[in-house]
Structure formats: C-alpha cells, structure tokens
Amino acid sequence: MAAGYAELLRTRHAARLLTGTLVGRLPNATGHIAIVLFTRAEGGSYTLAGALAAVYGLATAVGQPLLGRAVDLRGQPRVMLPAAIVSGLGMALFAFVGIGSLLLAYVAVAIAGLFTPPLEGGLRALWPGVLKREDRVHAAYAMDAVAQEVMFTVGPLLVTLIVSLWSAAGALLVINVIGVAGALSVVVSEPSRTWRSAPREAHWLGALRSPGLLALLGSFFFVGLALGSITVAGVAYADDHGQESVYGWLMAALGLGALLGGTVYGARKWTGAPERRLRILVGLLALGYVPLMFTPDVVAMCVLAAVAGVFLAPSLACAFIVVDRHAPRGTVTEAFSWLVTTFGVGAAVGTAAAGPAIEGGSTAWGFAVAGVSGFAALFVLLATAKVLAVPGRTTSITGSSESDRKGPVEPGFSAEHQA
C-alpha cells in the first residue's frame, strides 16, 4: 500500500503539489481553533469566540465556490496567490486589533475566511494532468483524503505548540505565513501555471446546474453533519468520564480509522461505476456511527471510534471521482469547492444540532445525530440513483486548451472506462 503511494509521489511535481496544498490549507484547517484561543487570550467569552469562529467558517463556505469559479475562468496563479495573501492579511489584522473593536474583529475574520484560496479543489483539478492515468488519479484522490486526516490531526497540535511557546496572536500570524508559502509553492509550479480549464458554457449556476453534483452535495451535507455532531458528542463523552484527554483519544482514534481505511482503499484498483460504490461506502459509514450510541468504557469507545472512521476517507475519495464525472465542462475547481463548502456547512449544522440533543437527552443522543445523519446521506444517494447514473461529462483525461496548447486542462474521464 505504501509502495503504491510512494510511486505516485515519485511522479514529477506530485510530491510538491500535495505538500504545498496541505501546507497552504493549514490556516483553513486550524483557523477556527486559533481564533478561539486568541479570543480567550484577549479576555473574550466563549460565546464571542464561537461567534467569531462561526463567521470565519461561514465566510470560507461562501468564498470557496466563488474563488473556485474564478480559478476556472482565470487560472490558478492569478486567483490562488492573491487570495492567500488577502486572507493572511485579514487574519493579521485580527491579531493586531484584537477584540477591542468588535466590528473590526468580525470584518477581519470574515475577510480571512472569504479569501481562503480553493487549494483543495485546485489540486484535484491538477492530478489528471500530472498523473496521466485514470487509475493513478483515483489512487491520488485516496492519498489526498488520507493526507487531509494527517493535516487535521497535526495542525491543531502545531497551533497549541505555538501558543505555548509564543502567544495566541503569534499562532495566528505564523499559520497564515505558512499558508501563503504553501500557496506560493503550488502556483509557481509548472502544472499550476499551465493548467487551463476546459471551455465552459456561460450559466449563472455554474457547476450547480448539474443534477448529479447537486445529489452528491445533498448527501455529503449529511456526512458533514454527522462529523460535526461527533465533535460535540465527543466532548460530552469526555466530560461524562471526567477526563479532558479522553476527547483527544476519541478524535485520534477516529482519524486513525480514516487513515487506515483510506490507505487500504487507495491501494486497490476498483472497477465498476463509482456512484454504485459510493452508495456502499456511505452505507457502511452510516452503520459505523450507530454503535457509538452505546457509549461504553473509554477503551471500547476508542475502538468504536476507529471503526466509525474507517469508511470516511474512502467515501471522500470516491466522492471526488463522482464530482469529476458530474461537474459541467469548465467548472471542475468550482465543483470541488462546492463539495468542500457543503461538507463544512453540514459540519457546522451538526455541531449546532448535537448540543440541544445532548442537553435534552444524553450523550448517546448526540451520537444518535451522527447515526441518523449517516443514513440520511445514504437515503439521498439511493433516492437520486437515476440522476447519478448519468455522468455529466465524457471528456478525455488530458488534452489541450485553445489558450495553452501545451498545458494540461481540466480533468475528466471517458465514460467507457468507468463501467
């Protein structure tokens, strides 16, 4: 399994693009944590900290598809790097003004979120041109999902380390300087500079005019909702057992399960329509959430959390393939950005929904939100099976654009290779 990923990373530009994207996304992965820690360090309440983090998250959700569309229209370097710089300046403004002026603080975090560059969608648009073969691109999607789990585990630890060694304001500044450096590394690379989106039909809905993409987004809203509810239910479980460290163990177990699942999934060459495979993966993901409701002792709960995470990365990797098949021509970066946005909005809703469920019932009810959400995600995929059965595009994996005859263009896989 590791050998397969190593082979991918030995491909020219692959390691640089993956590393640069992960580093560039560090502010997005840790921004909400850094905002909360900084606000508390400035004497702000948990309510204010949560409100500022929520504004940052919502602004990011709005900005991702808009910037993704701009990337499809104007290319990666002209959008990604300026956006990363503006986002970093927004967070730097927040670090310098603090919470003395609440209006300015809200504006600063909103700017930081709104201009977060769509590096995640951009990387997936580059993979076909870099890796050339469809099976290698599918493996790269799985590797991408696994790498995300690593980032979302290591990122918060890095923030807390900087806070302990320096300050909360310093953490805000450092992670955003690192983020700009990561974005710079990506956009000056040859694949990013030469990539051109395929010609697109002018339509105000952009990627959202695809029924298949809308069906996928509807499903992954509920997957995000499940994960958001687990985040809050995990805190409640740790409180029930009187140990804050329990929460860290639960989240680590969930991430470990996702790492293992994604690694195994990416090591195999899959046949058959990915839409059908996605229904199976999401169904298994939903089943994995159900046992969490039993809230057993800590050791058993960590085992259940690891099992619950096993099918997350494979589901995401398979979803990336489905996005590529259903995104309208010329909208691939925007389409991937919509998936990121929908997933994030779902997680925010799940975070909000789990609280009342726990307070009105018990910790088990918080985990029940995850189980119900998982099956809701499966129901959406089953209800829209006919829509998802018809891929939106049938372009070849590589080609040339009119504006850049030598550059790789938007990905897309021939329909005959998917059966």
Taking [X] for the side chain and [Y] for the main chain, is one N or O donor matched with an acceptor at less than 3.5 Å?
{"X": "Thr194", "Y": "Glu190", "result": "yes"}
{"X": "Gln76", "Y": "Gly122", "result": "yes"}
{"X": "Ser87", "Y": "Ala83", "result": "no"}
{"X": "Arg193", "Y": "Pro77", "result": "no"}
{"X": "His13", "Y": "Val130", "result": "no"}
{"X": "Ser219", "Y": "Val380", "result": "no"}
{"X": "Thr19", "Y": "Arg16", "result": "no"}
{"X": "Ser167", "Y": "Gly170", "result": "yes"}
{"X": "Thr384", "Y": "Val387", "result": "no"}
{"X": "Ser192", "Y": "Ser189", "result": "no"}

Problem - Chi angles and distances behind the side-chain contact (heavy atoms from CB on, under 4.5 Å) call for Val163, Phe38 - result: CA-CA 9 Å; Val163 170; Phe38 176 70; over 6 Å; no
Identify the two heavy atoms, one from [X] and one from [Y], that lie closest to each other, and give their separation to 0.1 Å.
{"X": "Leu254", "Y": "Ala305", "value": "CD1-O, 3.2 Å"}
{"X": "Ala357", "Y": "Val369", "value": "CB-CG2, 3.9 Å"}
{"X": "Leu378", "Y": "Gly283", "value": "CD2-CA, 3.9 Å"}
{"X": "Ala236", "Y": "Ile358", "value": "CB-CD1, 3.8 Å"}
{"X": "Pro314", "Y": "Gly261", "value": "CG-O, 3.4 Å"}
{"X": "Ala308", "Y": "Leu292", "value": "CB-CD1, 4.1 Å"}

Practice task
Applying side chain to side chain contact (heavy atoms under 4.5 Å, CB included) between Phe220 and each of Leu278, Val340, Val322, Leu225, report the one that passes.
Solution key: Leu278
Practice task
Only one of Asn28, Leu339, Thr116 passes side chain to side chain contact (heavy atoms under 4.5 Å, CB included) with Gln64; say which it is.
Solution key: Thr116
Practice task
Report the C-alpha separation of Ser373 and Phe221 in whole Å, then their side-chain angles, then the decisive distance to 0.1 Å, and conclude whether the side-chain contact (heavy atoms from CB on, under 4.5 Å) test is met.
Solution key: CA-CA 9 Å; Ser373 300; Phe221 167 82; over 6 Å; no
Practice task
Inspect the surroundings of CZ in Phe379 and state if more than 12 heavy atoms from other residues, nucleotides or ligands are less than 6.0 Å away.
Solution key: no
Exercise for the section: Before giving the answer on side-chain contact (heavy atoms from CB on, under 4.5 Å), spell out for Val188 and Leu184 the whole-Å C-alpha distance, their side-chain angles and the decisive distance to 0.1 Å. Expected result: CA-CA 6 Å; Val188 298; Leu184 178 62; 3.7 Å; yes
Practice task
Start with the C-alpha gap between Phe94 and Ile35, add the side-chain angles, then the distance that decides, and say whether side-chain contact (heavy atoms from CB on, under 4.5 Å) holds.
Solution key: CA-CA 9 Å; Phe94 178 53; Ile35 288 171; 4.2 Å; yes
